[in-house]
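In this chain, residues are counted from 1 in sequence order.
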Amino acid sequence: MSESDEDEKRPSKEEEKRRKREKSSDDSYERRKRRTRKKKRRRDCDSSCSDDSSVLEERRRKKRRRKEKRKKKKKRAHKKRDNADCSSSDEEGVRRSVITGKKIRMHIEKTEDDVIQEQARKQLLRFMNSSVP
């Protein structure tokens with residue numbers, strides 16, 4: 001064989017790199033698959049153990065404890081929020097917004113600008129109503 005024949009058979013550098021990348025990605029995929037298989041086997045082994053019932057009971061107990069802790073936390077937070085609302089109101093019988101919790105002002109004193117604007121609004125309203133038949 002001549003040198004030119006050997007060069008034609010030998011892949012270029014880019015092709016070699018590409019093949020390596022493909023091979024490495026396949027390897028990593030296979031590794032991941034093996035890991036998941038091992039995990040599944042472990043789970044199967046755990047469930048088939050002789051201490052199966054005790055393990056399950058222990059898991060259930062832990063789960064129940066976690067749930068109870070969450071409930072208690074929620075109750076505490078709810079109580080704190082209720083107490084904060086009660087203690088922050090200085091006066092009894094003050095109306096508050098249901099959404100924001102801010103005090104609702106029932107009477108607001110008008111400034112001179114407010115009075116002028118109100119008179120202008122009334123005058124405009126009279127004019128508009130008088131022009132309608």
Requested in this report: Please answer whether the main-chain N or O of Thr111 pairs with a side-chain N or O of Asp114 as donor and acceptor at a distance below 3.5 Å.
Outcome: yes

Query raised in the report: At their closest point, which heavy atom of Val94 faces which heavy atom of Lys103, and how far apart are they?
Result: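 That would be CG1-CG, 3.7 Å.
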
Query raised in the report: Under a 4.5 Å cut-off applied to non-hydrogen side-chain atoms, are Arg121 and Glu118 in contact?
Result: yes

Query raised in the report: Do Gln119 and Gln123 touch side chain to side chain, with heavy atoms closer than 4.5 Å?
Result: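 No, too far: nothing below the 4.5 Å cut-off.
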
Could you grab the distance from atom [atom1] of [X] to atom [atom2] of [Y], nearest 0.5 Å is fine?
{"X": "Glu109", "Y": "His107", "atom1": "CD", "atom2": "NE2", "result": "5.5 Å"}
{"X": "Lys63", "Y": "Arg66", "atom1": "NZ", "atom2": "CZ", "result": "8.0 Å"}
{"X": "Arg59", "Y": "Ser54", "atom1": "CZ", "atom2": "OG", "result": "10.0 Å"}
{"X": "Arg61", "Y": "Glu57", "atom1": "CZ", "atom2": "CD", "result": "6.0 Å"}

Query - Test side chain to side chain donor-acceptor pair (under 3.5 Å) applied to Ser12 - qualifying residues, sequence neighbours left out - result: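 So Ser12 forms no side chain to side chain donor-acceptor pair (under 3.5 Å) with any residue.
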
Requested in this report: Kindly check if the number of other-residue, nucleotide or ligand heavy atoms within 6.0 Å of CD (Glu15) is above 12?
Outcome: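 Yes, the 6.0 Å shell around CD holds more than 12 heavy atoms from other groups.
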
